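See structure below.
Here is the naming used below: chain letters follow the sequence lines, and residue numbers restart at 1 for every chain. Being a predicted model, the structure only gives us computed values, none of them experimental.
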Amino acid sequence: MTLPSFARDDIVAVALAPGVGLGLATPSRRWAIPATDPGAVLGAIHGDRGPRWVWWGRDAAADPIARAGIPVDRCWDVSAVHRLLEGGWRAPLGLVWASLRDLDLDTLPQMGQLGLLDGAVDEGDRDQPLRPDGHLRPEWVDGGFRETPERLAAWAALALDAMRVQERRLARRAEPEQAMATARSESAAELLCAEMTAHGLPVDEAEARRLITEAAGERPSSVADEDARRAERDDLVLQHLDSRRQVNLRNPAEVKAMLRREGFDLPDTRAWRMETLRADEPLIDALLTWRRAERIATTYGWRWLDEHVRAGRLRGEWAGSDGAAGRMTASAGLHNLPAVMRPLVAAEPGHALVRADLGQIEPRVLAAVSGDVGLIRATRQDDLYAPVASALGVERDMAKVAVLGAMYGATTGASAGALAGLRTNYPVAMELLEHAAELGRRSQDVFTVGGRRVRMGVTGDTDGDIDRAVSAAAARGRFARNALIQGAAAEFFKVWAITVRRRGRPLEAEVVLCLHDELLVHVPVAHADAAAVMVESAVHEAARYWSPQPDVRFVADVCVIDRWSEAK
DNA sequence: ATCGTAGGCGCC
DNA sequence: AAAGGGCGCCTACGAT
């Protein structure tokens, strides 16, 4: 059969499934194309620069497209846009559709309850994606959409309908154009996440084994061996105790009781509380050292290596906006690999890593979203905190603590003292934060500059306990205050990441890690320097696309390295 | 057995 | 400097 061809301005919905085929849909036509390798077929249709593709989300399109390596830049991911509109985490498609069509959530069909309500619901034609009551058919959501090319085409067509409704809802946001732009960038970021999930992060496995051995000992040969090594680690702490009494170091309550017997009365046993004591107290020092080693042994040890590292790549599940404020998330330790383990992340032979991080991203984003002229002026400096310090008449470090404290909602200590100075010098920025905090305390949702709803949750039953209600409200205030900044920073970061992804293609540069304000790009050595220049200029391109305030300056630190640990 | 929660800690 | 926001993942433990 002849394949359809599309212009760049076209908007085409797609769903595909390996071994089955692909379905395409425009407002006026559908194509049901059988193919065992639908990725190859779609790649041929797409060419170098295809239309804007529309899809339901990861299952129906982004994941298979990522695995097929199709160079799609412009897309619309209905699930990702749903999270932008409604807030919160990844939602089942049945819920996404119900919320778009304002369907009753009480009648939302669940998988596995089909027999239960026999006769209660008119099942209609099972070869149609919608039930007569308007809900998505749960068995279609659960994989039924990919049974035949015809079903894939029907599924794609429905995604097109969903997109139209989402566009109308985005148009009702306070800043419709910004919201529409965010919908597109969040969609592309979700595709990037599909690619990072499929391809993984390059890892030097020999170095990984060496680091794990250093931290946790040789690979245990048996369960008994593993127990013995645990006991050895424990003894380094327990030897400081006179008492014969057994203390389970993994039980915080027992540790707290033990410390009390030893003369340390602490409200909890968190590391920062004990940090100042460790210089003079061998027991405390041993305990803190044990905690660090235990963390690596349990979380980043041999089991972690076996489960997540294969064929030189560390693979985790990436999501574009599964955080409350819209940050990316990643499993398999990709976002919290301890610094001492970072040497295991290394470029493959013939390749290099370009590592880049945005400098002082949160206060710069605050300047952008608030439009505070004083703060915008401060962003001209490489070190934004220097002009803030002179304005406040305090030391530079104090200025930093004060600004961060204002964005996190700190209430005590030195940063609270500097708050008055911040209010005087940066009234617009501080007012924005205060307003967000007030909305949060009142349990009202807030919206990022990109139009993302951030849910404040239900008020919560505090059983009439006034103290608990007040402290819960205060916590919501801190959360809302921070969410505007964290969420906007996440939006800007994702625009940067997808810009690097797109601009990196001619250089064979691949984004392999996103870490809130930091990017790792894997690139052939021959293109490494060009990639570094591109990553830097992508910051400014992203700022032009994203920033509501063109005068805000964003900065990045960029370097070419072989191992992640060589950075800085 | 399986679940949710808490304390703890890694990263930003 | 203070201990504030986010996430994932570990162990222990109580409830089911």
Students often get this wrong, so: under 4.0 angstrom with heavy atoms, is Arg273(A) touching a base, only sugar-phosphate, or nothing? nothing
Does Asn251(A) make a side-chain N or O approach to OP1 or OP2 of dG7(B) shorter than 4.0 Å? no
Would you classify Asp268(A) as touching base, sugar-phosphate or nothing, given that sugar-phosphate means primed atoms plus P, OP1 and OP2, and contacts are heavy atoms under 4.0 Å? sugar-phosphate
From the candidates dC10(C), dG4(C), dG5(C), the one with an atom nearest any side-chain atom of Ala410(A) is dG4(C)
Under 4.0 Å between a Lys/Arg side-chain N and an Asp/Glu carboxylate O for Arg501(A) and Glu195(A)? yes
NA contact type, Ala253(A), heavy-atom cut-off 4.0 Å: base, sugar-phosphate, or nothing? nothing
Using atom CD of Glu294(A) as one end and atom P of dG7(B) as the other, report the distance to the nearest whole Å. 20 Å
Is there a donor on the side chain of Arg270(A) or the base of dC9(B) sitting less than 3.5 Å from an acceptor on the other? no
For DNA chain C, whose closest nucleotide is more 5', that of Met398(A) or that of Ala475(A)? Met398(A)
Whole-Å gap separating P (dC11(B)) and CZ (Arg292(A)): 6 Å
Looking for any heavy atom pair under 4.0 Å, which part of the strands does Arg230(A) touch: base, sugar-phosphate only, or nothing? nothing
Measure the distance from CG on Asp517(A) to C1' on dC7(C) and round it to the nearest whole Å. 14 Å
Within the structure shown, what part of the strands sits under 4.0 Å from Ala483(A) by heavy-atom distance: base, sugar-phosphate, or nothing? nothing
Under 4.0 Å between a side-chain N/O of Arg295(A) and OP1 or OP2 of dG10(B), yes or no? no
Please determine whether a side-chain nitrogen or oxygen atom of Arg303(A) lies at a distance below 4.0 Å from atom OP1 or OP2 of dC10(C). yes
Determine the contact category for Trp89(A): base if any of its heavy atoms lies under 4.0 Å from a base atom, sugar-phosphate if only primed atoms, P, OP1 or OP2 are that close, otherwise nothing. sugar-phosphate
How are the rings of Trp546(A) and Phe554(A) set relative to one another: parallel (under 30°), tilted (30 to 60°) or perpendicular (over 60°)? perpendicular
Classify Arg250(A) by what it touches in the nucleic acid, base, sugar-phosphate, or nothing, heavy-atom distance under 4.0 Å. sugar-phosphate
Taking any heavy-atom pair under 4.0 Å as a contact, classify Gly409(A): base, sugar-phosphate, or nothing. nothing
In whole Å, what is the span from the CH2 atom of Trp564(A) to the P atom of dG10(B)? 15 Å
Looking for any heavy atom pair under 4.0 Å, which part of the strands does Leu337(A) touch: base, sugar-phosphate only, or nothing? sugar-phosphate
Over how many whole Å does the gap from Glu275(A) atom CD to dG10(B) atom P extend? 10 Å
Quick one: which of dG7(B), dC10(C), dC9(B) gets closest to the side chain of Pro252(A)? dG7(B)
For Phe479(A) and Thr298(A), find the nucleotide of DNA chain C closest to each by heavy atoms; which residue's nucleotide sits nearer the 5' end? Phe479(A)
Base, sugar-phosphate, or nothing for Ala325(A), non-hydrogen atoms under 4.0 angstrom? nothing
d(CD, Gln246(A); P, dA12(C)) in whole Å: 13 Å
With ring centroids as reference points, do His522(A) and His199(A) lie under 6.0 angstrom apart? no
Should the ring pair Tyr300(A) and Trp304(A) be called parallel, tilted or perpendicular, given that the plane angle runs from 0 to 90° and is split at 30 and 60? perpendicular
Hydrogens and angles aside, do Glu491(A) and Thr448(A) bring a side-chain donor and acceptor to less than 3.5 Å of each other? yes
When you get a sec, tell me which of dG6(C), dA12(C), dC11(B) is the closest nucleotide to the side chain of Ala324(A)? dG6(C)
Under 3.5 Å donor-acceptor pair, Asn336(A) side-chain atoms to dG8(C) base atoms: yes
Which listed nucleotide (dT11(C), dG5(C), dC12(B)) is nearest to the side chain of Arg342(A)? dC12(B)
Contact class for Asp322(A) (heavy atom, under 4.0 Å): base, sugar-phosphate, or nothing? nothing
Output the rounded distance in Å from CD (Glu518(A)) to P (dG10(B)). 18 Å
Would you please say whether a donor-acceptor pair under 3.5 Å links the side chains of Asp382(A) and Gln360(A)? no
Integer-rounded Å distance: dC10(C) C1' and Glu307(A) CD: 13 Å
Choose from dG6(C), dG5(C), dC9(B) the nucleotide whose nearest atom is closest to any side-chain atom of Arg291(A). dC9(B)
Name the nucleic acid region contacted by Ala339(A), choosing base, sugar-phosphate or nothing; use a 4.0 angstrom heavy-atom cut-off, strictly under. sugar-phosphate
Any side-chain heavy atom of Tyr426(A) within less than 4.5 Å of one from Leu392(A)? yes
Phosphate contact (dG6(C) OP1 or OP2) by Thr329(A) side-chain N/O below 4.0 Å: no
